[in-house]
There are 2 protein chains.
Amino acid sequence: MGRWEPNTRQRLAKAALELYSERGYEQTTVAEIARRAGLTERTFFRHYADKREVLFDGSEELRALFVTAVAGAPGSATPIDAMAAGLEAAGDLFHDRRPFARQRYAVIDANAELRERELIKLASLSTAIAETLRDRGVEEPAASLTAEAGMAVFKVGFERWIAENGERTLSALMRECLSELRNVTGGA
Amino acid sequence: MGRWEPNTRQRLAKAALELYSERGYEQTTVAEIARRAGLTERTFFRHYADKREVLFDGSEELRALFVTAVAGAPGSATPIDAMAAGLEAAGDLFHDRRPFARQRYAVIDANAELRERELIKLASLSTAIAETLRDRGVEEPAASLTAEAGMAVFKVGFERWIAENGERTLSALMRECLSELRNVTGGA
DNA sequence: ACGTTTGATGACAGTGACTGACATCGATCG
DNA sequence: CGATCGATGTCAGTCACTGTCATCAAACGT
């Protein structure tokens, strides 16, 4: 046994999500989060750069998964097919985390600062994917455009997945969105 | 003549852009911006909600222009063609503001908080355009996907316009990006 | 076994963004 | 000419976030 309770980060993240859900993001102070986790405010900031970041612990995992899937697509796959492989992987990741995803989405959706943070995480993901596509030989601006278009599919698909009641899987919804994107762009 | 110097907002915006350029966003305090504009910190916050917002005075103008162009596209235009009309209008808006756009972009690009704010402004623009497309009879998720894809074209085109040395117009670059997007999505 | 080092945490003071409440005062209205 | 208004100033206060030093259990080395 250590001198302190283990899983400090998770305890902070759990306390934060609870408090943000119960009383709202703005009405929660970092000191309260720390106190619920049995820690001090200073320790919170040793684990998370700021009050928003505590909701985005999974970003790195998602990025790694996405990038691996895109990089691992067959060499013969088109850019958009590689992107689709990434979307499938992301869909699988969230498959059994829907309740958590919904609660987290509700908190983020209710606050502009948190939406900003969410957007920059997706933009960072897009940048990483564009780089991976370039590694696959895709030229600019095709790489960035493919990544950004894929993020659009992810965003719209994710919101629909959260909004409905489990009728369709996230992967299925993203496939539909990708198909619809092909329709509206009415490509080559 | 009023009791105070006129154009308070513009003076604050000018002072802020100057100081953010000279010393960086983080190294500038709101009190310094206010002082350079001949005002107090409290007055700054009466005109701008926060330290970031002072760089985004033009967002509303861009949104109005964009939405008007999309709404005004011929009824026979496809969603993506209506979107293209909005991109053209935006391209025209920036045409004679390139030096200002570059300076502002450099400031925003150098700071994560400012990039976050930029992203939420573009997301808000996307939402407004999606609504306009729905008013034109476009169903979901096609409306949101078209708007998001259009934003991707705007983003990538804009960055290239800032990066190069005036060889091509913003409108021309966005047309190229839109064409490239059609290629990569390899649509219907 | 025992002194040393390490690493996570606590304690505390400080900065700066942002807010609420109240005072000021030239311009405008009746 | 007095009442009102609107933009600003003044000031106190909260809270996010940071730097610095103290603490102390555990792991390590001898």
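In what follows, chains carry the letters A, B, and so on, assigned in the order in which the sequence lines appear, proteins first and then strands, with residues in each chain numbered from 1.
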Enquirer: Would A:S144 and A:E140 count as a side chain to side chain donor-acceptor pair (under 3.5 Å) here? Give the steps.
Expert: CA-CA 7 Å; A:S144 290; A:E140 288 293 353; 2.9 Å; yes

Enquirer: Would a hydrophobic clustering, with Ile, Leu, Val, Met, Phe, Trp and Tyr connected at side-chain separations under 4.5 Å, put A:L62 with A:I120?
Expert: no

Enquirer: Does B:H47 have a side-chain nitrogen or oxygen under 4.0 Å from the phosphate oxygens OP1 or OP2 of D:dT8?
Expert: yes

Enquirer: Say whether A:M174 and A:Y105 are linked into one hydrophobic cluster, either directly or through other cluster members, by side-chain heavy-atom distances under 4.5 angstrom.
Expert: yes

Enquirer: Sugar-phosphate atoms are those with a prime plus P, OP1 and OP2; base atoms are the rest. Using that split, label each nucleotide of nucleotides 13-18 of chain C B, S or - for protein heavy atoms under 4.0 Å, 5' to 3'.
Expert: ----SB

Enquirer: Using whole Å, what does the distance between atom C1' of nucleotide D:dT18 and atom CD of B:Q27 come to?
Expert: 14 Å

Enquirer: Using the six-membered ring wherever Trp is involved, compare the ring planes of B:F94 and B:F158 and label them parallel, tilted or perpendicular (cut-offs 30° and 60°).
Expert: perpendicular

Enquirer: Are A:Y48 and A:F56 near enough that their ring centres are under 6.0 Å apart?
Expert: no

Enquirer: About how many Å separate NZ of A:K121 and OG of A:S126, when rounded to the nearest 0.5 Å?
Expert: 14.5 Å

Enquirer: Establish, with yes or no, whether the OP1 or OP2 oxygen of D:dT8 is under 4.0 angstrom from a side-chain nitrogen or oxygen of B:T8.
Expert: yes

Enquirer: Under 4.0 Å between a side-chain N/O of B:T43 and OP1 or OP2 of D:dG9, yes or no?
Expert: yes

Enquirer: Could you state the atom-to-atom distance from CZ of A:R9 to P of C:dT9 in whole Å?
Expert: 11 Å

Enquirer: Establish whether the base of D:dG6 is bridged to the side chain of B:R46 by a donor-acceptor pair shorter than 3.5 Å.
Expert: no

